[in-house]
Amino acid sequence: MVRYVGGGGINKFNIETNKFQRFLHNPDDPQSLANNNIWNIYIDKNDKVWVSTDHGLSLFNKDSESFTNFKHNSDDNSSLSHNSVWVTYQSSDGQIWVGTSGGLNKYNELTNTFTHYRVHNGLASDTVYGILEDNNNSLWLSTTKGLSHFNPTKEEFKNYDVNDGLQSNEFNGGAFFKSKSGELFFGGINGFNHFYPENIKDDTTLPHVVLTDFRVNNEHVVLTQDKTDKDNFTIDSVINELDELTLTYNEKLVSFEFSALHFSEPMNNQYAYMLQGFDDEWIYTDAKNRRATYTNLPSGNYILRVKASNGDGYWNEQGKSLKVTVLPPLWQTWWAYSFYVIAFVVLIGLILYRQNYHRLKEHAINVRLTRADKLKDEFLANTSHELRTPLNGIIGLAESLIDGVAGQLPENANKNLAMVVASGKRLSHLVNDILDFSKMKNQTLKLNTSGVELHSLTDVVLTVSTPLVG
């Protein structure tokens, strides 16, 4: 039986009748061929025919001469990863593998589901053109970005590209073959590669990691022993020979360039760097980006660590390290903070001193006022005592004249003398009130309230005021 691969479906040739039977895609028949563009026809160990098309994978049923189609379903992660199917292959353990434009697929015959392997799993490219198995039961996959060596047991990939001697990173669909001796052939856009997988050995030599350049503000830092140059940052030795690097606050943007001294596949070397004390985890990069850049590093002590691997993925974990000290700005040094504390203490002292000064000043004023008030009270008390004596004399003399000590006086004279006596007694009461006020301030006076006869007081006031009216 001969099979024809092309864009017109499948033609089955009957040797006995010398006639072809054509199988084409029919949109109205779900059991017809998935698509008329055929890339690969594969017959497995169970004599099943797998057809790789532009729009899915078709399995031919000989008895019914129909197809079971497998297609991509965006809502089903266990469906075929992509409808563009390039190759179908069965490994020695009976496992069916499918190469698509969406990665490698492993078919589960019991559940009719697929397990996907893509770039994020380690595959070189999501477009798989060819699949071959070596004598160690590992798979070799030709892709658009080189060859991938896949260990199905460990589910690990190892990739090879032009730096490993490939004719190109781009291979062609259908261009793969395994000879009886176990030699593998893969064809690409610049020829083909052939090799015995067992002869491909990993290079276990670890690369030596070095720092190749140091830049500040994207400018190369020059070497100098002259420390008087304050305008530019300098170092006194090449960056790789320094054990410790001290930066100031002014170095806002710093960059460290590094390299792995392993030259068999230099572009396949991998790198990782970390600034301990600043980075929480390793930052991975490749040979095209061998620079670690940091901006506005806070003051403190750090350790820059750089590690690298060779082209076969063997890492020098010790790598290269450099102590980096970033000095604080002038206003963040220890003596600046000491000055802040002293200034704060002095300020608090001045505030307390000023408050105490005002308190003492107010106390002194209060003392003077108290003394003046005391002098006033003493003056009033003494004056009141001095006034009582002549007042009592005036009252006594006026009463004696009324009593006739100088003979009988006219009625008007007696009446005026009575007014003198009344006024004197009233004045005497006022003097007594002044003395009582002094006692009240000293809290030695007990008040006894009593009623006042307003008529007599009013009469006295009017009588005394009568002479003034004229």
Side-chain angles (χ1 to χ4, degrees), residues 1-73 76 78-117 127-134 137 139-142 150 152 172-180 184-185:
M1 185 180 293
V2 180
R3 294 161 184 83
Y4 171 76
V5 180
I10 296 179
N11 293 269
K12 184 173 72 171
F13 179 68
N14 191 319
I15 298 176
E16 296 178 355
T17 63
N18 287 331
K19 292 182 179 181
F20 288 94
Q21 182 180 0
R22 181 177 300 175
F23 296 91
L24 297 173
H25 171 67
N26 183 357
D28 297 326
D29 184 4
Q31 293 185 334
S32 67
L33 188 64
N35 187 267
N36 289 332
N37 290 325
I38 311 302
W39 292 109
N40 175 262
I41 299 176
Y42 184 81
I43 302 177
D44 65 18
K45 297 176 182 178
N46 297 321
D47 209 26
K48 293 181 179 179
V49 180
W50 298 87
V51 184
S52 303
T53 79
D54 253 355
H55 198 68
L57 176 67
S58 295
L59 175 61
F60 182 64
N61 304 309
K62 292 184 178 180
D63 295 336
S64 62
E65 292 192 338
S66 62
F67 294 89
T68 299
N69 295 315
F70 302 93
K71 296 188 177 183
H72 173 67
N73 183 354
D76 185 3
S78 63
S79 67
L80 193 67
S81 65
H82 200 280
N83 282 332
S84 293
V85 182
W86 294 97
V87 61
T88 305
Y89 185 84
Q90 186 178 35
S91 56
S92 58
D93 60 357
Q95 178 64 58
I96 296 294
W97 300 91
V98 183
T100 73
S101 292
L104 178 67
N105 290 251
K106 181 171 70 174
Y107 174 63
N108 188 324
E109 188 176 6
L110 296 177
T111 60
N112 283 330
T113 58
F114 295 86
T115 301
H116 308 156
Y117 301 91
T127 300
V128 179
Y129 286 138
I131 305 175
L132 291 175
E133 183 181 26
D134 62 22
N137 305 120
L139 299 181
W140 291 83
L141 316 172
S142 60
F150 179 58
N172 289 330
F176 54 94
F177 172 73
K178 179 181 180 180
S179 70
K180 293 182 179 179
L184 304 185
F185 294 80

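In this chain, residues are counted from 1 in sequence order.
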- Message: Keeping Asn14 on the side-chain end and Lys19 on the backbone end, is there a donor-acceptor pair under 3.5 Å?
- Response: no
- Query: Is the backbone N or O of Tyr107 less than 3.5 Å from a side-chain atom of Gln95, with the two atoms forming a donor-acceptor pair by type?
  - Reply: yes
At their closest point, which heavy atom of [X] faces which heavy atom of [Y], and how far apart are they?
| X | Y | answer |
| --- | --- | --- |
| His72 | Leu80 | ND1-O, 2.8 Å |
| Leu132 | Phe185 | CD1-O, 3.9 Å |
| Leu139 | Ser91 | CD2-CB, 4.4 Å |
| Ser58 | Asn69 | OG-OD1, 2.6 Å |
| Ser81 | Asn105 | OG-ND2, 2.8 Å |
| Val128 | Ile131 | CG1-CG1, 4.1 Å |

- Message: Working to the nearest 0.5 angstrom, can you tell me the gap between Asn37 CG and Ser52 OG?
- Response: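 That separation rounds to 12.5 Å.
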- Would you check if Val87 and Tyr129 make a side-chain contact, meaning some heavy-atom pair closer than 4.5 Å? no
- Message: Quick check: do Val49 and Ile43 have side-chain heavy atoms less than 4.5 Å from each other?
- Response: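 Yes, their side chains come closer than 4.5 Å.
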- Message: Check for me whether the distance between the ring centres of Phe176 and Trp86 falls short of 6.0 Å.
- Response: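 Judged by ring-centre distance (under 6.0 Å), Phe176 and Trp86 do not meet the cut-off.
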- Fit a plane to each ring of Tyr117 and Trp97, take the angle between them on a 0 to 90° scale, and name the class: parallel (under 30°), tilted (30 to 60°) or perpendicular (over 60°).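 The rings of Tyr117 and Trp97 sit tilted, inter-plane angle from 30° to 60°.
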